[in-house]
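None of these values were measured; they are calculated from a predicted model.
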Amino acid sequence: MPNRCEETLNRIALKFRKTAETARDAGIIPYKSEKGQWVSSPYDGNSWWTGGFWPGLMWQLFTLTGDAFFREEARRAGGLLTEEFRTFNRLNHDVGFMYLLSVGADAKLTGDAQAETDMLHAASLLMGRFNPAGFIRAWNEPERVGFAIIDCMMNLSLLYRASRDTGDPRFRGVAAVHADTTLREFLRADGSVSHIIELDPETGARVREHPGQGYALGTQWSRGQAWGLYGFTLAYRHMGQERYLDAAKRIAANFAAHIRADGLTDCDFCQPAEPERLDNIAGAIAACGLQELARITGDGQWDAAAEKLIAGLLDHCADWSDDRCGILTHCTASYHDDGAGRHTNITYGDYFLVEALMKKTGRDPDLWS
Ligand code: GLY
């Protein structure tokens with residue numbers, strides 16, 4: 001497996017070295033690849049939550065190759081993202097994804113002082129979303145004032161980083177309150193997690209669960225399971241509470257039990273057999289979280305599950321042709337809504353595939369910490 005991962009990373013770097021030039025020339029942050037071209041996000045311009053994955057991918061490839069082209073392309077996209085600070089109303093809890101992997105990575109890997117300042121600015125925006133009733137508000141619409149979402153467990157990484165870099169425990173303190181609410185309200189007895197929970201914005205009491213990007217209310221959207229698995233693993237790593245590690249293991253066990261025989265990942269673990277609906281982004285995220293869990297616990301079962309996922313992605317869903325600018329096929333943004341892409345190449349799938357391979361070969365720059 002390590003040799004295969006090494007060779008695959010080199011092929012990925014070669015392909016992106018070529019296709020990233022077209023993104024630079026078009027002046028866009030790629031969201032997905034269609035008919036041999038990069039296209040930007042279908043919603044909200046550069047404020048769409050996925051904008052950090054392209055620069056994150058470039059920082060991963062810069063770490064791999066040392067090629068300054070990737071650093072400059074990461075900075076170009078990072079510059080577009082920091083302009084979005086001025087939109088405010090379109091930014092939401094996903095500033096963690098957007099700015100940790102762009103300016104946060106820049107500050108971490110090069111020591112750039114402005115990048116560090118921009119990263120702390122983003123962390124303050126995330127802090128500003130905290131409701132003292134016990135949670136970080138997900139989105140801005142007035143009717144969603146009490147909505148919290150499992151994906152936010154990954155965004156907490158921006159807060160751990162801000163506390164470490166400033167010596168100010170407030171950021172991590174907010175992360176701990178949100179993580180405890182997520183533990184209480186999202187984790188189910190079978191080790192699966194809900195996607196969206198509405199809480200009373202005055203008291204923090206549970207109002208109801210809402211359906212999200214999965215098959216139906218109460219089902220198991222696989223990407224949400226992956227966010228929970230990786231997010232609670234990182235929460236344990238940064239905050240050291242055994243209850244977070246226990247949650248990570250339970251979510252990991254449930255995820256591992258649902259990996260298909262071919263190593264691929266269904267969009268929802270409760271979806272009907274037909275039509276086939278895959279989400280390889282979920283598998284790639286889980287392959288990262290499982291490796292991190294294996295590293296922390298020393299338990300080889302999590303590495304074995306990660307290897308099964310990586311092998312499935314490389315065996316069945318890696319596209320080396322010029323039909324797509326990226327690599328990973330069969331990425332699905334949402335079970336029912338095809339607007340953001342179904343069974344296609346989406347950049348955050350490629351980001352997590354590369355992170356998984358970088359972890360496997362011992363080169364991961366550890367951008368979530
Ligand atoms: N954070 C939204 C998603 O995973 O689609």
Side-chain angles (χ1 to χ4, degrees), residues 32 42-43 48-50 53 92-94 97 135 138-139 141 143-144 146-155 181-199 206-232 247-248 250-260 263-290 305 309 312-313 317 328-344 346 348-349 352:
K32 62 179 177 172
Y43 309 113
W48 185 239
W49 72 278
T50 54
F53 293 107
N92 55 43
H93 71 107
D94 284 327
F97 289 123
F135 63 96
W139 299 292
E141 295 86 350
E143 66 277 13
R144 293 165 123 188
F147 281 36
I149 176 174
I150 190 67
D151 318 29
C152 193
M153 283 304 299
M154 287 300 287
N155 288 317
T181 298
T182 308
L183 199 56
R184 187 184 73 232
E185 299 295 343
F186 286 69
L187 184 61
R188 302 173 180 141
D190 61 3
S192 70
V193 287
S194 306
H195 183 189
I196 301 169
I197 299 289
E198 181 178 356
L199 302 162
R206 184 188 186 98
V207 177
R208 66 177 70 85
E209 180 173 352
H210 289 265
Q213 287 152 262
Y215 176 63
L217 185 67
T219 63
Q220 300 186 28
W221 176 48
S222 60
R223 196 156 72 247
Q225 311 310 306
W227 293 139
L229 155 54
Y230 202 178
F232 273 110
R250 287 171 60 196
I251 302 168
N254 181 61
F255 197 104
H258 286 93
I259 300 172
R260 295 163 35 132
L264 300 179
T265 307
D266 285 327
C267 184
D268 191 308
F269 294 151
C270 304
Q271 71 191 27
E274 295 290 337
E276 182 170 69
R277 188 67 50 83
L278 296 165
D279 179 24
N280 282 329
I281 311 169
I285 298 165
C288 297
L290 287 161
L309 288 166
L313 297 175
C317 291
L328 194 60
T329 69
H330 292 80
C331 300
T332 296
S334 176
Y335 186 92
H336 292 288
D337 178 0
D338 290 344
R342 185 215 294 183
H343 285 186
T344 189
I346 305 181
Y348 58 111
F352 283 105

Could you go through the side chain to side chain contact (heavy atoms under 4.5 Å, CB included) check for Arg260 and Asp266 one step at a time?
CA-CA 8 Å; Arg260 295 163 35 132; Asp266 285 327; 3.0 Å; yes

Could you tell me the separation between the [atom1] atom of [X] and the [atom2] atom of [Y], rounded to the nearest 0.5 Å?
X: Asn280; Y: Cys267; atom1: CG; atom2: SG; value: 10.5 Å
X: Phe147; Y: Trp139; atom1: CZ; atom2: CH2; value: 7.5 Å
X: Gln220; Y: Arg188; atom1: CD; atom2: CZ; value: 6.0 Å
X: Ile251; Y: Leu290; atom1: CD1; atom2: CG; value: 11.0 Å
X: Leu264; Y: Leu309; atom1: CG; atom2: CG; value: 9.0 Å

What I want to check is whether the side chains of Ser222 and Asp279 have a donor and an acceptor closer together than 3.5 Å.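 Short answer, no.
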
Are the side chains of His195 and Phe186 in touch, meaning some heavy atoms are under 4.5 Å apart?
no

**OP:** Answer yes or no: is there a side-chain heavy-atom contact under 4.5 Å between Thr329 and His343?
**Re:** no

Inset, instruction - Test side chain to side chain contact (heavy atoms under 4.5 Å, CB included) on Arg342 and Arg277 and set out the steps. - result: CA-CA 8 Å; Arg342 185 215 294 183; Arg277 188 67 50 83; 3.3 Å; yes

- Query: Step by step, would you call Ile149 with Trp227 a side chain to side chain contact (heavy atoms under 4.5 Å, CB included)?
  - Reply: CA-CA 10 Å; Ile149 176 174; Trp227 293 139; over 6 Å; no

Original post:
With Phe53, which residues qualify under ring pair (Phe, Tyr, Trp, His ring centres under 6.0 Å), at least two apart?
Top reply: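 Here the qualifying residues are Trp49, Phe97, Tyr348, Tyr351, Phe352.
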
